[in-house]
Amino acid sequence: MTGPESARGPKAVAKFLRPRSVAIVGISTRTGSAGQVILQSLKLNKFEGDIHLVGRSAEPIDGRPVLKSPEELPEGVDLAVFTLPAAGVRDAVAACVKRKVGSAMIFAAGFAETGEQEMQDEVANTARNGGLAIVGPNCLGVTNNVNGMMLHMLFAREALRFGKGSKPGIAFVGQSGGMLGHFQRAADGRGVPLSYVISTGNEIGLESTDFIEYLADDPTTSVLVVYTEQVRRPREFLAAIRRCRVAGKPVILMFPGRSAKSKQAALSHTGALVGDYATMRTVVEDTGAIVVTTMDEMMDLAELLVRFPKPPVKGPGVFTASGAFVGLSNDMGEDLGLEFPSLEPATLKLFDEMLPEYGNYGNPLDVTAGFTPASLPAAVKALIDDPNIGMLFISFPINTAIVVQAFNKGMEGSDKPKVMVALGDTWTLGPDVMEAVRQSPAVFSRSSDRMLRAIALYTRYGRMLARPPAASPETIKGLPKLPKGAAPEWLGKKLLAAAGIRVPGGDLARNVVEAATIATRIVYPVVLKAQAAALSHKTEAGGVMLNIGDPTALRAAWDKLMTNVKRAAPDVKLDGALVEKMSPKGLELMVGAKRDPGWGTVLLLGLGGIWVEALGDVQLLPGDAGEEQILEALRKLRSAKLLDGVRGAPPSDVEAVAQTVMAIGRLMRTIPELIEIDINPLMVHAKGQGATALDALIVAE
């Protein structure tokens, strides 16, 4: 089968990662050239398939004939490695398509990342239409430790071939070859097994999504680490992450785009158009990926997951010999949202019996400077065996192998995750200590700060996996029909009310007489608000009149409102004015939703009024978030203390906020044409008194 369908997907990836035949296109006789490096790599790794050379040499290279053009290749070669400059890639791709080559790896830079978008698109279209799966351009190579093949443009090296009984390892997939080099060296240095390291470059053919799909079913890979700068097919990407989740394989994801400078850097690096970082992060984390923001987090978390694939739901037991570290770790835990569970009374009683009587024991556990190595095994065992503890974190001054051996003995028999940090930064540990470390069941580190950050991500992932799936999508009946574009506030509020969201009592008035009738019905004081879909900034146009107390004031307010709007927006035709009951005071929040064409729906909540723009204190949630998730997000706001009431104000009705946000999610599911809902402010009243949507912007397509 040839054509676009054969240019991507797991079958195409298999031809690239496990080729039975390889062609080096662009080989030269120059020692150290990319083509020579690839040939040397194939020989070092004892490649057993056919090797074909294409270049300008009239003489054989390494005893092998050199073809003048890829058009002379036998039909059906699995992998062509291009060691050509960018200028030669277009014709070589066309020739490989003719010869039904399965996949091609292109090292050359000089495409979209340097502004040559048109040439990149032409090469991509030729390959895709001809069924040629391309990796690159602008990539550095691939390492396959499973079958023993390493093809890198800069050096020839033997892959760490998996032997019989090898444990599954980490697969690194990323658009940055330099970043992957860092992780590959870090993993090798830690002795962490690697299955694959795949540099994808500009991704004009095979993308991260294709490799995730393949690795989801690969028995030699237990953890996926992905660095991506652009996801071109979000739905397929999310589906691939779901496949990994079902297979029990964590996906650790890093992508730039949190800052304007980062977005520009990505454009110049791989020609990627970075999407909305916050939206993407919210959706992929809800799907099952773990998003990290630093290289340290990525590597530390990957090691934790490959050693202990089942992350805990409960927090760690912290074991130290420093009272200062107890305080520091408590502070850091609070900053990270990492809970240190309380210990059972029976565990505390054991500590009192086995440790110095002047200690103050709990979690974190400080065994004090008066500890003896002989007391450590029992103390460690008591802490890790406590039913409230999800894992063990040791942060300790390790001077001798005896201490490590004591810890190892205490950890024996427990299947809970374990981390051991030797304090002292880069102070050299003796060979006997390091030998005891190698025999330890714990992940080893020299940085407590780094490991606490990794543990926070690790336990958060465990809680996400344990969270019950969202309920089946609900739909809402009897909703008003919306026009395309922004709906006027009065119509938007009818939609909200139909969804169960409380809005102020009132109605649309076409003239002052109707306004007076409505005001009498709902009882003064009232609010007047000019209404037109085209009038998005009513307050700036003088189109909002507050706290109107009687019929005389209402008539004066009506005349003033109409005069203001006519002066500020003479071309806008008003539907009339919305007459509403003046709302009691409360805490102003902003809640809403946005539908991204690729990533789907996200919900938003934050401090409302003018503060949402001034402070940007917002949290994003998946479109099907439940009450528990929403309440947790409210507590993550920097302004969360306001919810509890300050300066005599009563606590806010946070449960009503959660119900409002869930109703917004139901609206987005019910009406596919909805692309944005913005309630600002949502006036949140005292606990038990609900919340009221005072203003609403609804946009449909």
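Here, residue 1 is the first one in the sequence, and each next residue gets the next number. Hydrogens, waters and symmetry mates play no part in the numbers below; they use all other heavy atoms, side chains included.
- By the 4.5 Å heavy-atom criterion applied to side chains, P480 and L491 are counted as neighbours.
- For D575, the side chain to side chain donor-acceptor pair (under 3.5 Å) partners at least two apart in sequence or on another chain are W490.
- Taking each heavy atom of P234 and G598 in turn, the nearest pair found is CB-O, 3.4 Å.
- Heavy atoms only, all atoms of each residue included: Q531 and L508 are closest at CG-CD1, 3.8 Å.
- For D296, the side chain to side chain contact (heavy atoms under 4.5 Å, CB included) test picks out T294, D300, R450, with sequence neighbours left out.
- Here the side chains of V226 and F211 are not in contact, with every heavy-atom distance at 4.5 Å or above.
- Between the side chains of Q120 and N202, at least one donor-acceptor pair of N or O atoms lies under 3.5 Å.
- Proximity of V291 to V284: side-chain heavy atoms (C-beta onward) are separated by under 4.5 Å at one or more points.
- Ion pairing between E701 and R595 fails under the 4.0 Å rule for side-chain N and carboxylate O.
- Counting only N and O atoms by type, the side chains of N330 and E334 include no donor and acceptor under 3.5 Å apart.
- A salt bridge is absent between D507 and K493: the closest approach of a Lys/Arg side-chain nitrogen to an acidic carboxylate oxygen does not fall below 4.0 angstrom.
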Does the pair T660 and V657 meet the rule for a side chain to side chain contact (heavy atoms under 4.5 Å, CB included), with working shown?
-> CA-CA 5 Å; T660 301; V657 177; 5.6 Å; no
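- Annotation for M179 and S176: closest pair N-OG, 3.1 Å, computed over non-hydrogen atoms.
- Partners of K538 by salt bridge (Lys or Arg N to Asp or Glu O under 4.0 Å), not counting sequence neighbours, listed by chain and number: E489, D695.
- F255 and Y277 have tilted rings, their planes meeting at an angle from 30° to 60° on a 0 to 90° scale.
- With rounding to the nearest 0.5 angstrom, the CE atom of M298 is 7.0 Å from the CG atom of L253.
- Heavy atoms of other residues, nucleotides or ligands lying less than 6.0 angstrom from CD of E627 number more than 12.
- For the pair T287/F237, no side-chain contact is recorded, criterion being any heavy-atom separation below 4.5 Å from C-beta on.
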After noting the C-alpha distance and the side-chain angles of E339 and R463, does the key distance pass the salt bridge (Lys or Arg N to Asp or Glu O under 4.0 Å) rule?
-> CA-CA 12 Å; E339 180 187 2; R463 293 194 302 273; over 6 Å; no
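- Shown here is R235, whose CZ atom has no more than 12 heavy atoms of other residues, nucleotides or ligands within 6.0 Å.
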For I698 and E676, run side chain to side chain contact (heavy atoms under 4.5 Å, CB included): C-alpha distance rounded to whole Å, both residues' side-chain angles, the deciding distance at 0.1 Å, then the answer.
-> CA-CA 6 Å; I698 311 287; E676 186 177 348; over 6 Å; no
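- One N or O on the side chain of Q175 and one on the backbone of G201 form a donor-acceptor pair closer than 3.5 Å.
- Side chain of D617 to main chain of G606: no donor-acceptor pair is present (N/O by atom type, distance under 3.5 Å, no hydrogens or angles).
- Remark: the backbone N or O of E118 is not paired with any side-chain donor or acceptor of D121 at under 3.5 angstrom.
- Between the CZ atom of R453 and the CE atom of M332 there is a distance of 3.5 Å, given to the nearest 0.5 Å.
- Side chains of V527 and K529 form a contact here, defined as non-hydrogen atoms less than 4.5 Å apart.
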List the steps and the verdict of salt bridge (Lys or Arg N to Asp or Glu O under 4.0 Å) for D286 and R281.
-> CA-CA 8 Å; D286 184 61; R281 175 168 189 162; over 6 Å; no
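- In this structure, T228 contributes its side chain and Q230 its backbone to a donor-acceptor pair below 3.5 Å.
- Between L620 and T279 the shortest heavy-atom distance is CD2-N, 3.9 Å.
- If you take CG on L674 and CZ on R669, they are separated by 12.5 Å, rounding to the nearest 0.5 Å.
- The shortest distance between side-chain heavy atoms of K581 and R521 does not fall below 4.5 Å.
- Note that CG of L605 is 11.0 Å distant from NZ of K636, once rounded to the nearest 0.5 Å.
- In this structure, the side chain of N388 engages the main chain of S342 through a donor-acceptor pair within 3.5 Å.
- Every residue two or more places apart in sequence or in another chain that forms a salt bridge (Lys or Arg N to Asp or Glu O under 4.0 Å) with E655 is listed here: K687.
- With rounding to the nearest 0.5 Å, the separation of CG in L452 from CG in L328 is 10.0 Å.
- There is no side-chain donor-acceptor pair under 3.5 Å between S652 and H685.
- By the 4.5 Å heavy-atom criterion applied to side chains, W558 and L554 are not counted as neighbours.
- With salt bridges taken as basic N to acidic carboxylate O contacts below 4.0 Å, one links D644 and R635.
- Closest approach of E213 and A240 over heavy atoms only: CG-CB, 3.7 Å.
- In this structure a side-chain-to-backbone donor-acceptor pair under 3.5 Å is missing from E236 to T209.
- Remark: Q659 CD to I630 CD1 distance equals 8.0 Å, nearest 0.5 Å.
- A pairwise comparison of heavy atoms in L495 and L482 identifies CD2-CD1, 3.8 Å as the closest pair.
- Judged by distance alone, the side chain of T200 and the main-chain N or O of G174 form a donor-acceptor pair under 3.5 Å.
- With respect to R460 and E285, a salt bridge is recorded, a charged nitrogen being found less than 4.0 Å from a carboxylate O.
- Counting only distance, with no hydrogens or angles, the side chain of N363 and the backbone of V318 share a donor-acceptor pair below 3.5 Å.
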Side chain to side chain contact (heavy atoms under 4.5 Å, CB included) between M391 and Y458: does it pass, once the steps are laid out?
-> CA-CA 10 Å; M391 64 176 294; Y458 186 52; 3.8 Å; yes
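- For the salt bridge (Lys or Arg N to Asp or Glu O under 4.0 Å) condition, no pair includes a residue of residues 539-559, sequence neighbours left out.
- Residues R502 and T692 bring a donor and an acceptor atom of their side chains to less than 3.5 Å of each other.
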Determine, step by step, whether R8 and R233 satisfy the side chain to side chain contact (heavy atoms under 4.5 Å, CB included) criterion, reporting the C-alpha distance in whole Å, the side-chain angles of both residues, the deciding distance to 0.1 Å, and the verdict.
-> CA-CA 12 Å; R8 63 169 28 122; R233 297 178 291 143; 3.4 Å; yes
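- Looking only at side-chain heavy atoms (C-beta outward), L457 and E297 come within less than 4.5 Å of each other.
- Taking the salt bridge (Lys or Arg N to Asp or Glu O under 4.0 Å) definition, one finds that R243 meets it with D217, sequence neighbours left out.
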